[in-house]
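What you see is a predicted model; the values in this text were computed from it and never measured.
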Number of protein chains: 2
Amino acid sequence: MATMPPTPPEASVADAAQATPAFSPLYQQIKSLILQSLETGEWKPGEAIPSEMDLAARYRVSQGTVRKAIDELAADNLVVRRQGKGTFVATHSEQHVQYRFLKLMPDSGDRDDEGPAQRTVLECKRVRASAEVARALALRTADSVVQVRRVLSFSEVPTIVEDLWLPGNAFKGLTADQVAGYHGPTYAMFEVEFGVRMVRAEERIRAVAADSTIAALLGVAPGTPLLSVERVAYTYNDVPMELRRGFYRTDTHHYRNELN
Amino acid sequence: MATMPPTPPEASVADAAQATPAFSPLYQQIKSLILQSLETGEWKPGEAIPSEMDLAARYRVSQGTVRKAIDELAADNLVVRRQGKGTFVATHSEQHVQYRFLKLMPDSGDRDDEGPAQRTVLECKRVRASAEVARALALRTADSVVQVRRVLSFSEVPTIVEDLWLPGNAFKGLTADQVAGYHGPTYAMFEVEFGVRMVRAEERIRAVAADSTIAALLGVAPGTPLLSVERVAYTYNDVPMELRRGFYRTDTHHYRNELN
DNA sequence: AAGTGGTCTAGACCACCCG
DNA sequence: GGGTGGTCTAGACCACTTT
């Protein structure tokens, strides 16, 4: 790499232009090169990336260095290793953990017991970003955004009502049918239909009283305490690509979190 | 290790009795040996553990294998590495992240801006475990537990009221003064005074309406929506050592969570 | 200068998966 | 059997901290 001290003979990645001027360990530089290829879609969600040996040859470093780079990518859930098969680009489809970002669990039993959520899309329209939405999505006020409102039911019981705001640019042509009809997680649909891969998210959780609209949609009395979950989901490079606010009933479910 | 295949010449840890009968990689076995020493208190919170070289010699494996074991312990927050100085047993004291398990944040600014929480202990008494408490703490109903009720205020505003239940056996002699007067996190006090180290926790979060008691303590109207945060904290080996239920005001604060 | 963790390499073998 | 990721070793040097 361009910034390497002259330690190993031949360890110069004679490749494309360097995008990492600051000094960092070799494996970090390899990591960001791999990251670039993920961003540009050289390897697509669900596909295998080249083997460690191939990558080592490509970047002119040892297998161990590539390994350490991939280790970190795997720890970040950007990539999944499967012994004997290869390393694969992570995807919200087929990933055994359906609903990776949904932490609401039934009070007893697994989420699998209830089967998949039933989705009812109430609204899907193009609007101008409010100041709040613009701030969360790093847009300018009045930029075009797609707004979706939907209800999620578990075992026929409406449990979540949520609004989604998506940058209009990246989600041109999104329809209510797409949101409602896709089999599998909505984030998987975003990958397939729009090439947008959500990589991480941040949530702010509050307790609020249901207003009459939300109460009617959830079939509870107005004033019922609900969890308000505000989520910003990010693609690569910490670019925000979705704002979501959900109201969760917590009479039969709870938000589960693990602390380390 | 006893279960090693005959690969490396001399890789038999001619040490104490094996506690890991099942097959597993060498570094995993080393990891659990280190873990045992942490549990038994051979190295105490805040102290340095032996250097990688020393551990490699002690277990008769290469430095790289010890390194990988320690890497995992560091990822689990059981141990902290400091380049040039050594590897240290993690502690809730002096750990730069004060309040490692408290995810409630002021809506604007850092938690440091408010300074440390003011604690008011309302109650600290020995009681018999209810069925619910017994289940959470893996005790028998009517076993002795210590129950604490306290209020946490930020910037003079009462924001959290929480109840703690602790196994009576491990927390003999806990007093209200100890809980209120200790400088630093309560979990740090548990380490110093009772040798109990909390290693991870699970939380179940719900939205509930404040009853009149809680409302009075928090200075809000009865019926105000509050976050109910139920936490079980574990020491080593997944042994539960604390049940805690907190009611959080979320008018000026929010529960912040990061999803990966 | 000495000691610690951190990086990098090179080579060997193991465990797993598939054709 | 050949490919992939996973483990283990041995040795070199770097970066940081302390004496």
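- The phosphate of dG6(C) has OP1 or OP2 within less than 4.0 Å of a side-chain N or O from Arg81(B).
- Contact check, Ser51(B) against dG3(C): no side-chain N or O comes under 4.0 Å of OP1 or OP2.
- For Gln83(A), whose side chain is taken as the heavy atoms from C-beta onward, the closest listed nucleotide among dG6(D), dA10(C), dC18(C) is dG6(D).
- In this pair, Phe194(B) and Phe171(B) present their aromatic rings tilted. The plane angle is within the 30 to 60° band.
- The side chain of Thr87(A) approaches dG5(D) more closely than any other nucleotide in the set dG5(D), dT9(D), dC17(C).
- Using a 4.0 Å cut-off between charged side-chain N and carboxylate O, Asp76(A) and Lys31(A) make a salt bridge.
- Taken residue by residue, residues 64-76 of chain B places heavy atoms nearer than 4.0 Å to DNA chain C at Arg67(B).
- The nearest whole Å value for the distance from the CZ atom in Arg60(A) to the C1' atom in dC8(C) is 16 Å.
- Atoms CG (Asp54(A)) and P (dT4(D)) sit 6 Å apart, rounded to a whole Å.
- In this model, the phosphate group of dG3(C) is not approached by any side-chain N or O of Lys85(B) to a distance below 4.0 Å at OP1 or OP2.
- If you take CD of Gln63(A) and C1' of dT9(D), they are 14 Å apart, rounded to a whole angstrom.
- Atom CD of Gln28(B) and atom P of dC8(D) are 9 Å apart (whole Å).
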Run the side chain to side chain contact (heavy atoms under 4.5 Å, CB included) check on Arg197(B) and Val89(B) step by step: do they pass? CA-CA 11 Å; Arg197(B) 303 196 36 219; Val89(B) 182; 3.3 Å; yes

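- What separates CE of Met53(A) from P of dA10(C) is a distance of 11 Å, to the nearest Å.
- Not counting sequence neighbours, the partners of Ser93(A) by the side chain to side chain contact (heavy atoms under 4.5 Å, CB included) test are Thr91(A), Tyr182(A), Ala188(A), Glu191(A).
- Rounded to an integer number of Å, the gap from NZ of Lys31(B) to C1' of dT7(D) is 15 Å.
- A cation-pi contact, defined as under 6.0 Å to the ring centre and within 45° of the axis, is absent between Arg204(A) and Tyr255(B).
- Distance, Tyr27(B) OH to dG6(D) P: 9 Å, rounded to whole Å.
- With ring centers used as reference points, His253(B) lies under 6.0 Å from Phe154(B).
- The Glu52(B) side chain lies nearest to dG5(C) when the options are dT7(D), dG6(D), dG5(C).
- Nearest nucleotide to the Pro25(B) side chain, out of dC8(D), dT9(C), dT9(D): dC8(D).
- Of the candidate nucleotides dT9(C), dT18(D), dG5(C), dT9(C) has the atom nearest to the side chain of Val61(A).
- Aromatic ring centroids of His92(B) and Phe101(B) lie under 6.0 Å apart.
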